[in-house]
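These notes concern the structure reproduced below.
Just the heavy atoms: all of them, side chains too, but no hydrogens, waters or symmetry mates, feed the values below.
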Amino acid sequence: MARYTGPVCRLCRAENKKLMLKGDRCKSDKCAINRKRPAPGKDPKGRQGKRSDYGVQLREKQKLRRIYGMQEKQFRLFFQRALRMAGITGENLFVLLERRLDNVIYRLRFASSRSQARQIVLHGHVTVNGRRVSIPSYLVKPEDEIAIREGSRNLVIIKEALKEFGKSGVMPWFHLDPDTMKGKFLAVPRRSDITDLEDIKEQMIVEYYSK
């Protein structure tokens with residue numbers, strides 16, 4: 001599977017937003033956004049023309065795609081699936097993205113970033129309802145139990161990431177027992193529940209793909 005292998009801080013600078021691609025580093029003074037460097041390809045003196053509607057829509061799509069660490073082809077497939085679902089397409093898209101196993105591992109504090117969560121899944125450290133699942137795009141369902149395999153519970157990266165649970169807990173649509181490293185996906189979240197991404201304008205993404 002193709003994946004981005006370049007400097008991820010460049011992506012945050014391009015979007016002028018913390019995409020939380022490097023875990024704890026994004027919360028520190030080392031974050032590229034904090035250093036106020038100009039975005040890649042932009043005039044360092046700040047002379048910028050007005051963006052077209054297409055340009056604004058593209059940036060919203062790129063921000064959300066990069067936050068969840070997906071390539072364009074896969075992101076488009078998720079959008080098309082959201083389009084076929086009943087309800088509001090933009091909200092459906094968020095629901096599908098939140099149900100991805102790599103995102104769930106990140107939300108349950110088993111990883112400090114979604115890219116790290118993807119590696120944990122790919123390396124076979126995760127079970128869903130007692131069965132090992134190594135597909136990051138696997139969609140979990142309400143009442144699914146997600147756990148770290150018994151032989152993987154001593155991994156330092158997972159133990160370090162779990163320290164965040166003591167500081168900020170988990171999103172309300174999850175339950176986590178940090179001692180057994182088992183969590184449960186309680187319910188599908190509503191768009192309004194995903195408060196850390198409330199600045200994303202999903203309607204612009206719908207308009208982008210509708211052209």
Given 3.5 Å as the limit, does a donor-acceptor pair link the side chain of [X] with the main chain of [Y], or not?
X: Arg118; Y: Gly69; result: yes
X: Ser152; Y: Ile148; result: no
X: Asn92; Y: Ala82; result: yes
X: Asp144; Y: Lys141; result: yes
X: Glu60; Y: Lys201; result: yes
X: Arg65; Y: Met70; result: yes

TODO: Answer yes when Lys163 and Glu160 have at least one side-chain N-carboxylate O distance shorter than 4.0 Å, and no when they do not.
DONE: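 Salt bridge present between Lys163 and Glu160.
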- [ ] Kindly determine whether Gln57 and Ile205 satisfy side chain to side chain contact (heavy atoms under 4.5 Å, CB included), including the steps that lead there.
- [x] CA-CA 6 Å; Gln57 293 161 5; Ile205 300 172; over 6 Å; no
Could you pull out the closest heavy-atom pair between [X] and [Y], with the gap in Å?
X: Leu186; Y: Pro142; answer: O-CB, 3.8 Å
X: Leu139; Y: Leu96; answer: CD2-O, 3.5 Å
X: Val206; Y: Ser210; answer: O-OG, 2.6 Å
X: Gln116; Y: Ser112; answer: OE1-N, 2.9 Å
X: Arg132; Y: Gly124; answer: CD-O, 3.2 Å

- [ ] Give the intermediate values and the outcome of side chain to side chain contact (heavy atoms under 4.5 Å, CB included) for residues Leu93 and Glu202.
- [x] CA-CA 8 Å; Leu93 178 60; Glu202 62 270 22; 5.9 Å; no
Task: Test log, rule side chain to side chain contact (heavy atoms under 4.5 Å, CB included), inputs Lys61 and Glu72 - done: CA-CA 10 Å; Lys61 186 267 294 184; Glu72 175 61 30; 2.7 Å; yes
Do other residues, nucleotides or ligands put more than 12 heavy atoms under 6.0 Å from the [atom1] atom of [X]?
X: Lys167; atom1: NZ; answer: no
X: Ile88; atom1: CD1; answer: no
X: Asp193; atom1: CG; answer: yes
X: Arg153; atom1: CZ; answer: yes
X: Ile135; atom1: CD1; answer: no

Task: side chain to side chain contact (heavy atoms under 4.5 Å, CB included) between Ile146 and Lys182, worked out - done: CA-CA 6 Å; Ile146 302 93; Lys182 292 181 179 179; over 6 Å; no
- [ ] Evaluate side-chain hydrogen bond (donor to acceptor under 3.5 Å, both in side chains) for Asn129 paired with Glu145, printing each intermediate quantity in order.
- [x] CA-CA 5 Å; Asn129 299 325; Glu145 183 184 78; over 6 Å; no
For the atom pair [atom1] ([X]) and [atom2] ([Y]), what is the distance rounded to the nearest 0.5 Å?
X: Leu64; Y: Gln62; atom1: CG; atom2: CD; answer: 10.5 Å
X: Ser137; Y: Asp102; atom1: OG; atom2: CG; answer: 7.5 Å
X: Asn154; Y: Lys159; atom1: CG; atom2: NZ; answer: 4.5 Å
X: Leu197; Y: Leu97; atom1: CG; atom2: CG; answer: 9.5 Å
X: Arg99; Y: Arg107; atom1: CZ; atom2: CZ; answer: 15.0 Å
X: Arg76; Y: Gln71; atom1: CZ; atom2: CD; answer: 13.5 Å

- [ ] Give a yes-or-no answer on whether the side chains of Glu98 and Tyr68 include a donor-acceptor pair shorter than 3.5 Å.
- [x]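 Short answer, yes.
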- [ ] Classify the side-chain pair Gln119/Ser115 by whether it contains a donor and acceptor separated by less than 3.5 Å.
- [x] no
Would you call [X] and [Y] a side-chain contact if the rule is heavy atoms closer than 4.5 Å?
X: Leu122; Y: Pro136; result: yes
X: Phe75; Y: Tyr209; result: yes
X: Ile157; Y: Ile120; result: yes

Open item on the list: Taking the six-membered ring of Phe94 as reference, does the cationic atom of Arg191 (NZ for Lys, CZ for Arg) lie under 6.0 Å from its centre and within 45° of its axis?
Closed with: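 Yes - Arg191 lies over the ring of Phe94, closer than 6.0 Å to its centre and within 45° of its axis.
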Open item on the list: Applying a strict under-4.5 Å side-chain criterion to I, L, V, M, F, W and Y, I'd like to know whether Ile200 and Tyr54 cluster together.
Closed with: yes
Which donor-acceptor pairs under 3.5 Å do side chains of residues 169-179 form with protein atoms, sequence neighbours excluded?
unit_1: Asp177; atom_1: OD1; unit_2: Asp179; atom_2: N; d: 3.1
unit_1: Asp177; atom_1: OD2; unit_2: Thr180; atom_2: OG1; d: 3.3

